[in-house]
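Written below as C-alpha cells is the structure these notes are about.
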Amino acid sequence: MVESGLKFPVFKTLPVRIIIPAALTIALFVTAIFWFILPMLETYLMDAKREGILNLTDSAWSILALCHEQEQSGQLTKEAAQARAIELLSHLRYGPQGSDYFWINDYRPVMIMHPYRRDLVGKYVGSFQDPSGKYLFVHMVDTVEKSGAGFVEYLWQWKDDPLHIAPKLSYVRGFTHWGWIIGTGIYVQDVKAQIHKVTHTLFLACMGISAAVVVLCIYIIWAGYVEQRARISAIEQSRRREKQLIQADKMSSLGVMVAGVAHEINNPASTLILNATNLKNIFRSYAPVLERYFAANPGARVCNMAYPEARRRTELMLEAMAESAEQVKKIIADLKDFSRPPGSEATQQIDMNQVVNKSVELVKSILKDRTARLVIRYGEHLPRIQGDFQKLQQVLVNLLVNAGQALENDNETIYVSTFADRENGVVGVEVKDTGPGVPQDLLGKLTDPFFTTRRDEGGTGLGLSISQKIVNEHNGSLIFSSEPGKGFTAKVLIPSRDV
C-alpha cells in the first residue's frame, strides 16, 4: 500500500504549531483582562460612583433651593421651609436596597438631620471622629468653605448597622442661604464587590474559553491527521482531489466575505456599544430616583438639566442605536446575497451625481483633516444607471477615504468628477489625488483581498476588494492609474441603458 511508506510527519509537528500559539493567546488574553482591563474597570466604576453621588447631591440640593424659594416668596416661613426640606430629604432614598440616604449638618458643625444616626441630631459633631481619628465633619466644613463642594473620605457605619464600620466616600455641598451642608456617600466596598463579581465572571469565562480552545486544538489535530490521509489517497484518486480543491476554493471565498462583513460592521457596532454604555450609566444612576422625584416636583432639576431635556437626550441615543442596528441589518443582508447572481438586486434608477454628493457628505469630516482642497465637478445631464445606491455609495466612500489617506500634506488636492461617455454607453466617476502615487508593479494587486500598503496604519486591504466586487455586480469596471510622485486615479465606469 502507498500509506505504508509514509510516517505522517504533519501529525507530529501540528500539535506544537497549534498548542503554542493557542497557549500564548490565552495567556495574553488573561494578562490583558486581569492586569489592564480590571484595573481600568475599577477606576471607571469609582469615577462613575463619584459622578453619581455628585449628581444625587445636586438633586437633593435643588430641594433645599425649592424650599428656600417658597420662603422668599412668602409661601412658607423660614422655619416651615426648613422643616419641609428636612422632611423631604429624610425620606429620600436610593441605591439597590433603597438604603442609601442624605444627611444635613451646618457649619458649626451641628447635625441637622441624619436618617440612621438620630442620636446625633441637634448635637455638636465637630469633635466626632471616625475609627481612624479623622474629624470628618470638621473636614466637610473645611471642604465646603474652601471650594463650596467636594469629596471627603472617612470611615463610617455600614448604613443602619452601627457595628459594621466601612470606608466611605461622600460628596458634600454647602447651602449658604441657611448655613447648611448637605451630603451623601458610597461605600468603597460596594465597588470592590462589583469588581469581585466581574472578576469571578471573567474567571469562569476564561476557563470556558480555555476549554473551548483545547477542544478546538484537538479537533484541528484530528482534522490535520484526516487531511493528511486524504492527501495521500488523493495521489491515486485525482477525482477526489479535484472535489477537495473546489471545496477549498469555496471556503476561501467564504472567508473573504466574512472578513468583509467584519470590516464594514465595525463602525455601527462601535456606535451601539458607546450608546449602550451611556444609556446604562444614565439609567442606573438616576432611574430609581427620577420618576418619583419629578412626579412630586415637576419644576426641579437634576444633573443641571430639566427632566424633559434628560429624556430627550436619552431618546436621541436610542435613535442612534436604532439607526446603527439598521445598518448592521443591511450588512448582514449583503452576506445573504452572496449566493445570488451579481446585480440581481440592482433595480434602482440612480443619479451618479447624487451618489457622489452623499458619499462626500459622509466622509467630509475625515477629508477636512487631510486636505483643505477638495474639488468636485458634477457632469451635467448624466443618464441614469441601474444599480444599488448604497453599494455604489460604499465604493465611493472607499475611494475617497483612500485618496485622503494617500495625501502627505494639506496642500495636496483631491479631485472628484462625474461624466458620461455616450459613445461607450457608460456613466463614470473619477477620484484623483495629487499624493505620491502607487508603483506600477502594485497597481494590479490593489484589489487582492488583504493587500494593503498601509498595514502599519491599520489598513486591512479589504476596501478595494469589496469595491471591485460591487462594481462587477453592476457589470462595470474599476480602473486604476498612477504616476509615482504625481498622484493616483481611480475610475468607476457603470453601463447606462439610456445613454
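For the numbers below, each heavy atom of this structure counts, side chains included, while hydrogens, waters and symmetry mates do not.
- For the atom pair CG (Leu399) and OG1 (Thr489), the distance works out to 11.0 Å, reported to the nearest 0.5 Å.
- For CD of Glu361, the number of neighbouring non-hydrogen atoms (other residues, nucleotides, ligands) closer than 6.0 Å is greater than 12.
- Checking side-chain atoms of Asn424 against main-chain N and O of Val426 turns up no donor-acceptor pair under 3.5 Å.
- At distances below 3.5 Å, not a single donor-acceptor pair connects side-chain atoms of Ser417 with backbone N or O atoms of Arg377.
- One finds the CG atom of Asn472 at 8.5 Å from the CG atom of Leu478 (value rounded to the nearest 0.5 Å).
- No side-chain heavy atom of Glu430 sits under 4.5 Å from any side-chain heavy atom of Tyr415.
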message = Applying side chain to side chain contact (heavy atoms under 4.5 Å, CB included) to Asp421 and Leu493, what does each step give before you reach the verdict?
response = CA-CA 9 Å; Asp421 184 347; Leu493 303 176; over 6 Å; no

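- Within the 3.5 Å criterion, the main-chain N or O of Asn411 finds a donor-acceptor partner in the side chain of Arg373.
- A pairwise comparison of heavy atoms in Lys358 and Phe389 identifies CG-CZ, 3.8 Å as the closest pair.
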- Query: Is there a side chain to side chain contact (heavy atoms under 4.5 Å, CB included) between Asp433 and Glu412 once you walk through the steps?
  - Reply: CA-CA 8 Å; Asp433 65 73; Glu412 295 177 332; over 6 Å; no

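- Nearest heavy-atom pair, Ile53 versus Gly185, reported as atom, atom and distance to 0.1 Å: CG2-C, 4.2 Å.
- Side-chain atoms of Lys491 and Ser481, non-hydrogen and from C-beta on, never get closer than 4.5 Å to each other.
- Using modelled atom types, one side-chain atom of Arg370 and one backbone atom of Gln405 make a donor-acceptor pair closer than 3.5 Å.
- Under the side chain to side chain donor-acceptor pair (under 3.5 Å) criterion, Ser170 pairs with Tyr154, not counting sequence neighbours.
- Among all heavy-atom pairs drawn from Val471 and Ser477, the shortest one is CG1-N, 3.3 Å.
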Is there a side chain to side chain contact (heavy atoms under 4.5 Å, CB included) between Ile385 and Leu392? Walk through the geometry before answering. CA-CA 11 Å; Ile385 60 174; Leu392 290 175; 3.7 Å; yes

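- Counted by atom type alone, Asn398 and Gln394 present zero donor-acceptor pairs between their side chains at under 3.5 Å.
- We find the NZ-NZ distance between Lys469 and Lys391 to be 5.5 Å, quoted to the nearest 0.5 Å.
- When each of Val431, Val438, Asn402 is tested with Phe488 by the rule side-chain contact (heavy atoms from CB on, under 4.5 Å), just one qualifies, namely Val438.
- Distance alone, capped at 3.5 Å, is enough to place a donor-acceptor pair between the Ser496 side chain and the Arg384 backbone.
- What you find for Thr434 and Leu407 is that their closest heavy atoms are N-CD2, 4.2 Å.
- In terms of the side chain to side chain contact (heavy atoms under 4.5 Å, CB included) criterion, residue partners of Lys486 (sequence neighbours excluded) are, by chain and number, Glu483.
- Taking CG from Leu64 and CZ from Arg173, the interatomic distance works out to 9.5 Å, rounded to the nearest 0.5 Å.
- Not a single side chain to side chain donor-acceptor pair (under 3.5 Å) links Thr413 to another residue, sequence neighbours left out.
- Of all heavy-atom pairs between Phe151 and Leu169, the closest is CB-CD1, 4.0 Å.
- Annotation for Leu56 and Phe102: closest pair O-CE2, 3.5 Å, computed over non-hydrogen atoms.
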Check the pair Val427 / Thr418 against side chain to side chain contact (heavy atoms under 4.5 Å, CB included), numbers first and verdict last. CA-CA 8 Å; Val427 174; Thr418 58; 6.0 Å; no

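- The CG atom of Asn353 sits 11.0 Å away from atom NE2 of His381, with the distance rounded to the nearest 0.5 Å.
- Interatomic distance, Thr184 OG1 to Leu54 CG, rounded to the nearest 0.5 Å: 11.5 Å.
- The closest side-chain heavy-atom distance from Met46 to Ile186 is below 4.5 Å.
- Taking 4.5 Å as the limit, every side-chain heavy atom of Val355 sits out of range of all side-chain heavy atoms of Val429.
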